[in-house]
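Structure, as structure tokens:
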Amino acid sequence: MKDHGLNAPSNFIRSMISKDISSGKHSGRVLTRFPPEPNGYLHIGHAKSVCLNFSLASENNGACNLRFDDTNPEKESQEYVDAIKENIKWLGFKWNGDVRYSSNYFDHLYNLAMQLIQNGKAFVCSLSAEQSREFRGTLTEPGKNSPDRNRSIRENLNLFKQMKGGEFSDGAYTLRAKIDMESPNINMRDPIIYRIRHVSHHQTGDKWCIYPTYDFTHCISDAIENVTHSLCTLEFEDHRPLYDWILNNLELDSLRVICDLSDSDMTFVLPQQTEFAKLKLNYTIMGKRKLKEMVEAGLVDGWDDPRLPTLAGMRRRGFTAASIRNFCEIAGVSRSEGTVDLSMLEHCVREDLDQCASRVMCVLNPMKVTIRNIKKGEVENLSLQNHPKNESMGTRIVPFTREIYIDKSDFEENPAPGFKRLVLGGEVRLRGSYVIKCEEILRNGEGEIIELICSADRETLGRRPEGRKVKGVIHWVSAVHGQEATLMLYDRLFMVENPEAKEIADYKEFLNPESLSVIKNCMIEPSALEGRERKHYQFEREGYFILDIEGENMEYPVFNRTITLRDSWGK
Ligand code: ATP
Ligand code: MG
């Protein structure tokens, strides 16, 4: 993995970390964490957070933990845990030590909650969800104290134990931090830190029927792991006072004792939360809730549908991990929300594929061509470069035969001025092969062209034709050796720039009906199917393609178009 080091663009978090290192804060250490909730697959927005956390750590000889933030068991599952781990590995990052789970700390969290109660800093509340909303106040009105706020410590301890013991039904009680119902920051108005949920958890099974909230769990998990820099997105800015309140109101020694100080010269320092703006992309829906909705409604073909902004989808479509990392780097890190143009991501993908994709030929809309002066059964194995600018990518054998396919659109009976490809009586260069001349058109009963009869100038292999110029070069595939393939061409999933705009009541009405075109009976040169590997190809003149993820198992190979050669949107 490339270390960004000195060449990395500066941003406010990089600068802050450099400063912290030189001032010796956190004893000069950098430990970050990526904390996904396993309630869906990762999307490109998460990739930004992954790249940021992992690269800041590696640039500074630090480490980055992977911690599943798993406090909402109803919405979470092992499937998502597995997919997220896979996504991160694919992006090219390695987490520090074992995978961690907030649920690993449930015992500690429970004891620390007991400690808050003991110190008069938390109480068990019997207000219903609806009552709590009423008591909470609004942005302009202060909240009101719960009638249970002054319950005795003893009673609180007992009730909380009984909550844990499963003696109450969901929602009967909550545990709340005792902070300030008049705080202008609503998050500080005696926030709930534990709730009763009689549900099994994907990691802890039926051990617990009370679960801590995100706000209580996150800061403590960071402290337990001795995280130095806890990076999150801007919507948590208003939660930072609560993050700090919880850590500052626990007894430091009790945190220190459970903290993972595996490295002996680590000193225990409280973690610090810093927020940055979420990545947003136009023509894209990012929130996991809506992605899940689309998957469950069958509007797309699963979480890895190549039209989705999920990492699984992008991988299946053929986006490279390097291009996504590069995109996240140049999209930058700031504190102001802005939407990034999808074409910037596409640019990064093209740039990477242009370098790494082998060239092959595939005819999307085949028309037969018979070359008169090539003998029946003759096979000439031509050797073509896999990459026009990179010899180290080697060559491949492309069989040339009497019968070949070219694309229908590369022949015109009534050509417009400037048409440079094949016309009756005209010549064109077959890529990597001979110049051919069209001498005759064969038609079926309806008068449609079904075949062209041509002749090849056999002096033109790797040589210019004598005494004339042939401008057009077209791709072709041997009709004998070519193999049938299906191509999936993708376009933007949404027809509007911002499918999540306020004016849009239902984003589903703005799905692009042409986001997927399936092209059957394409003809592809045999080398592209050797070993049925998932390799990146440029199908000459048609775009970048990759064998679909199911590739090895399919009778007819299916290729996904990763991206067109040029940006043709709106043209
Ligand atoms: P979503 O809103 O898409 O459902 P989330 O924030 O609920 O995402 P989490 O699993 O909680 O998803 O996120 C894990 C980490 O990724 C968090 O630190 C979160 O701040 C970060 N993250 C989520 N979405 C983005 C984004 N669009 N850009 C940058 N970071 C993001
Ligand atoms: Mg979330």
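On a predicted model such as this, the values are computed, not experimentally measured, just so you know. Just follow the structure's listing: the first ligand is 1, and inside any ligand the first atom is 1.
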Which atoms of ligand 1 are found less than 4.0 Å from any heavy atom of [X]?
| X | value |
| --- | --- |
| Met286 | 3 (O) |
| Thr233 | 19 (C), 20 (O), 29 (C), 30 (N), 31 (C) |
| Glu37 | 9 (P), 10 (O) |
| Gly287 | 3 (O) |
| Ser49 | 16 (O), 18 (O), 21 (C), 30 (N) |
| His43 | 1 (P), 3 (O), 24 (N) |

For [atom], which candidate among [options] provides the closest heavy atom?
| atom | options | result |
| --- | --- | --- |
| atom 2 (O) of ligand 1 | Glu235, Glu275, His218, Lys278 | Lys278 |
| atom 27 (N) of ligand 1 | Leu279, Leu281, Val333 | Leu279 |
| atom 4 (O) of ligand 1 | Arg289, Lys292, Lys288 | Lys288 |
| atom 30 (N) of ligand 1 | Gly45, Ser230, Cys51, Pro309 | Gly45 |

Side chains of [X] and [Y], donor plus acceptor under 3.5 Å:
| X | Y | value |
| --- | --- | --- |
| Gln272 | Tyr243 | no |
| Thr564 | Arg350 | yes |
| Arg29 | Asn226 | yes |
| Asn185 | Asp238 | no |
| Gln78 | Asp82 | yes |
| Glu251 | Asn119 | yes |

Item to complete: For atom CD of Glu182, decide whether the heavy atoms of other residues, nucleotides or ligands shown that lie under 6.0 angstrom number more than 12.
Response: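 No, the 6.0 Å shell around CD holds no more than 12 heavy atoms from other groups.
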Worksheet item: So does Lys85 have more than 12 non-hydrogen atoms from other groups sitting under 6.0 Å from NZ?
Response: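 Result for NZ/Lys85: enclosed.
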Practice prompt. For the pair Tyr211 and His201, name the ring-plane relationship: parallel under 30°, tilted 30 to 60°, perpendicular over 60°.
Written response: parallel
Discussion item. If I apply the N/O under 3.5 Å rule, does His46 come out as touching ligand 1?
Written reply: yes
Worksheet item: Are any of the N/O atoms in Lys48 less than 3.5 Å from those in ligand 1?
Response: no
Worksheet item: Backbone, side chain, both or neither: what part of Lys280 comes under 4.0 angstrom of ligand 1, heavy atoms only?
Response: neither
